[in-house]
Every structure is written in structure tokens, then in C-alpha cells.
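A quick write-up on the structure given underneath.
When reading the values below, keep in mind they use all heavy atoms of this one structure, side chains included, and skip hydrogens, waters and symmetry mates. When a ligand or atom number is given, it counts from 1 through the structure's own listing order.
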Amino acid sequence: MNTASTTVPATITLGAALGPWECIVVGAGPAGAATSLRLARGGVRVLLVDRGFMPRGKVCGCCLSPAALGELAQLALPGFRAGAVVPLRLDTLALSYGGSTARVAFRGGGVLSRETLDAGIVEAAVAAGVDWLPGVDVVSVKTRDGEPVSVTMRSAADGTVATIGATRCVLATGLADRVRGATEEHAIEARRGPGTPGKRCLIGVGTALPADCVDLPPGELRMTVGRRGYCGLVRLEDGRIDVAAAIDRAALREGGGATQALLAVLGRTSIAVGPRLAEALRAARFTATPPLTRRSPPSSEGGRILRVGDAAAYVEPFTGEGIGWALAGARIAANTILEGAGVASVGEAYAGAHRRHFVAPHARCRRVTSWLQSPALVSAAVASARIAPGIAARIVPLVTGAGGRGGRP
Ligand SMILES: Cc1cc2nc3c(=O)[nH]c(=O)nc-3n(C[C@H](O)[C@H](O)[C@H](O)COP(=O)(O)OP(=O)(O)OC[C@H]3O[C@@H](n4cnc5c(N)ncnc54)[C@H](O)[C@@H]3O)c2cc1C
């Protein structure tokens, strides 16, 4: 498996990719790569396209929930099976608010950089027969009256544009999804919440810092909650420190950028931001995401276009479930496609299964993130966890969905 240093080579060029394909999957994050892997293992001819290359970083806390680890085990990635890649064990949650920190034991989670994880799933997909086309931006996906899908893409290298046909298209384009289809404007970009005046709108911000910028033991997630957002620090398998934060858009603007906004969130914690961490944050290059909440129809155009992962729905990252949700969505989409006889029934079946699986965990996550907006509640939670860390350790899985109530398997 890729260990974040070698590029996963393309298996096809844009000029040679002219279909028709049974399925074109757009986006090679966990949702898209796992969907294509499962489809290929089921005998489907798949083209997997991404505007980027693998490995690549992504704004993410890099924590794998127990559900994510379960989905990864089901995928039986060669590198995991061979023991070449072993996620670090996540065993402690240090939760800070307003100068106070509680340390709580955390069971069943892992940590793995997105470079290693995402590239590893793409490599497994290629090994299963998926054609991999990186460096290509999909600009539109169109279909009419139940006809096959036309996917128009542009090469980042030379600007070549090609339109390729497929029976079906899976959009796994994440939060930054800007793909549009002429017949389904209503289905695209139907985001919830962000931009509404007076409403909180969080943006994801992330970077990776040098290993020696902070004393943070492997296996500890240091999560700081502030009034304008929250930030997680964790040590990756290669020693680097992953920084991922969800910060109010207004705070980013007012604070003069990511570093100041992050220091404002972290500065209130009792785990002091030492000079090395502050210096590393000032020197860092940050990546930002679009607003963190979205919901789009999982299926449109009678099931010719399916959406998986963040592209279908995303709540907020605090509970660290996005990767597990993306992998579960991939499983549900691939199984529905493989089992579905007719295009129309695939769309309905997938939308229904998506709803059944995700409505409850998304609602739980929304509840948790609304609690975060109450300083009294967060402060009381941290104080209680300090007094009774054993009880807190039993409650944490219920809050984060790690207690088995996060949705149907
Ligand atoms: C601050 C923050 C912290 C987080 N922490 C955690 C955590 O600790 N644990 C966890 O489980 N989850 C976490 N998440 C959530 C997690 O990162 C996402 O849920 C997960 O990456 C979703 O996977 P995906 O495959 O749907 O999308 P992505 O991983 O975003 O992949 C989408 C891919 O689509 C490609 N793409 C997009 N548009 C196009 C196009 N037009 N043409 C071609 N390619 C395209 C992109 O290049 C990208 O590679 C966090 C998120 C944020 C913002």
C-alpha cells in the first residue's frame, strides 16, 4: 500500500478513456475510491476520475471511528491485510474548553493520514481493475429522459476537453462539489444553513505541522472547543502533527486569517500553546473547505446520477465520523448498483437506503454540534469529565456514534 510517498500512476489517458463505461466515479476520496473498488470487484467496468493526484492531503482530523475501521476491514485493502499499513491506535481524548482540560479514555478508534488512507484505497481499486484518471476536472454531468450520462472533463495538464458516456455516474466530489448537470440544477448544491444571515457558518481549515512543534503523544486527540469553533491536533503515523479545525467564517475574516483564528481557539486552553506550536502555525500553509454543512439528493435523474459521501450529505466534523460515513455510503451505493436490475429502481433503492442509514447519525451529530454552541454546557461537560473520567469514557461513544447506535450496518 502507498505510504504517502509514491504517486499512484494513471492507468489510462483522457484521450483513451472514451467510453461508454458502465460507471464513471468522480472523486477519489474514501467515498469514490471505495465505491469504485466495490463495483470493480463486482465485475463492473469503472472509470475513477479526480482533479487531483494521489497521494494528496485533505483538511481532516484523520481520526478513524470504529465504524470507519470496520468498513476498512470489510474492504480488505491489500496493504492493511499485509500489515504494511497500520493506523495508530486512538486511545485518549483530551477535551479543552475555557482553560480547563479533561482527559478521557477512547476505545476502538484509529489515526491515519489522508495521504496514506486515500491513496491506499485508490491503489486497491486499481488492483481490482478500476481505470484511474487523475488530474482531470469534471465540469458537467448531463442526462435526459433516462438516457445514459454524458460526463464532460478537462485535463489540468493541457486543457483538453472530452465528453465521455456512461450508464451511470457516481458523484463523490466531497464538499467542494461544483459539478453541474443541465437537467438537475435543483439537485446540485442544495446546501443547508451556510450563508443565512445571523446563522453560524463553519469553514474547515487544516494543515500538517513538523513533528517536533508540540509534545503530543501518539494516540491522543487534543480537541479544543472555543466560542468561534473547535480544533483537533493529533500525531500522524509519520510523526507530523495534523491540525484540523472548524471555525466560524466571520471569525476567520475578523481575525485576519487562519493562524490568528486558530490561535484564538487554542489560546484559551490549559494545554498551553507553546512557542514552537505558535511559530509552526504562523509558518504553516493552510487549506480551507467550503461551508461544512450540506445536503443534496443522494439520487437524481432516475438513478443515473448517485451522490456518495460528503457530496450527498455532511453535518460537521466534531464527532469524527465523515470517513466512516463516506465508506458506508460507498458500500450502500455499490451494493445497490450491483443488486439493481433497472436504473429507476437503483435510484429509489439507494435514496431509501441512504435515508435509513444516515438520518439518525446525522441528527445525533447535529445535536452534538448544537450543544457545542452553549458555553455553559461545554464547560459543565469538561468539568464533569475531569471529576469522573470513567463515566465520561462510557458516554463519549454514545455522543460520537462509536457505541453502535450510529446507523444500521
Ligand atoms: C476540519 C475537518 C475535520 C475532519 N475530521 C475528520 C475526522 O477526524 N474523522 C473523519 O472520519 N472525518 C473527518 N472529517 C470529514 C472527512 O474529511 C470527510 O467526511 C471525508 O473526506 C469525505 O470523503 P469524500 O470521499 O466524500 O470526499 P473527499 O475526501 O473530499 O474527496 C472528494 C474528492 O473529489 C475530488 N473532486 C471534487 N470535485 C471534482 C471534480 N469536479 N472533478 C474531479 N474531481 C473532483 C476532490 O479532488 C477530492 O479528491 C473532517 C472534515 C473537516 C472539514
(request) State whether the number of non-hydrogen atoms from other residues, nucleotides or ligands found under 6.0 Å of D215 atom CG is greater than 12. (result) no
(request) Indicate the ring-plane relationship of F358 and H362, choosing parallel, tilted or perpendicular according to the 30° and 60° boundaries. (result) parallel
(message) Quick check on S65 - does any of its heavy atoms sit under 4.0 Å from an atom of ligand 1?
(response) no
(message) Can you tell me how far apart OH (Y350) and CZ (R307) are? Round to the nearest 0.5 Å.
(response) 10.0 Å
(message) Under 3.5 Å, is there a donor on one side chain and an acceptor on the other for E348 and S299?
(response) no
(request) Tell me which part of A172 gets within contact of ligand 1: side chain, backbone, both or neither, using heavy atoms under 4.0 Å. (result) backbone
(request) Could you point out which residue of D131, V136, V130 forms a side chain to side chain contact (heavy atoms under 4.5 Å, CB included) with L47? (result) D131
(request) Provide the number and element of each atom of ligand 1 under 4.0 Å from a heavy atom of G27. (result) 33 (C), 34 (O), 35 (C)
(request) Just go through V49, V315, V59 and tell me whose heavy atom is the nearest to atom 52 (C) of ligand 1. (result) V59
(request) Answer with side chain, backbone, both or neither: which part of A31 has a heavy atom less than 4.0 angstrom from an atom of ligand 1? (result) both
(message) Show the atoms of ligand 1 that are less than 4.0 angstrom away from any heavy atom in C62.
(response) 7 (C), 8 (O)
(message) Less than 4.0 Å is my threshold; does some heavy atom of G206 fall inside it relative to ligand 1?
(response) no
(message) Looking at ligand 1, would R114 count as a contact under a 4.0 Å heavy-atom criterion?
(response) yes
(message) Using a 4.0 Å cutoff against the non-hydrogen atoms of R56, which atoms of ligand 1 qualify?
(response) 29 (O), 31 (O), 48 (C), 49 (O)
(message) Check for me whether A68 has a heavy atom closer than 4.0 Å to any atom of ligand 1.
(response) no
(message) I need the contact type for E321 against ligand 1. Using non-hydrogen atoms and a strict under-4.0 Å cut-off, is it side chain, backbone, both or neither?
(response) backbone
(request) May I ask whether V139 places a heavy atom under 4.0 Å from ligand 1? (result) no
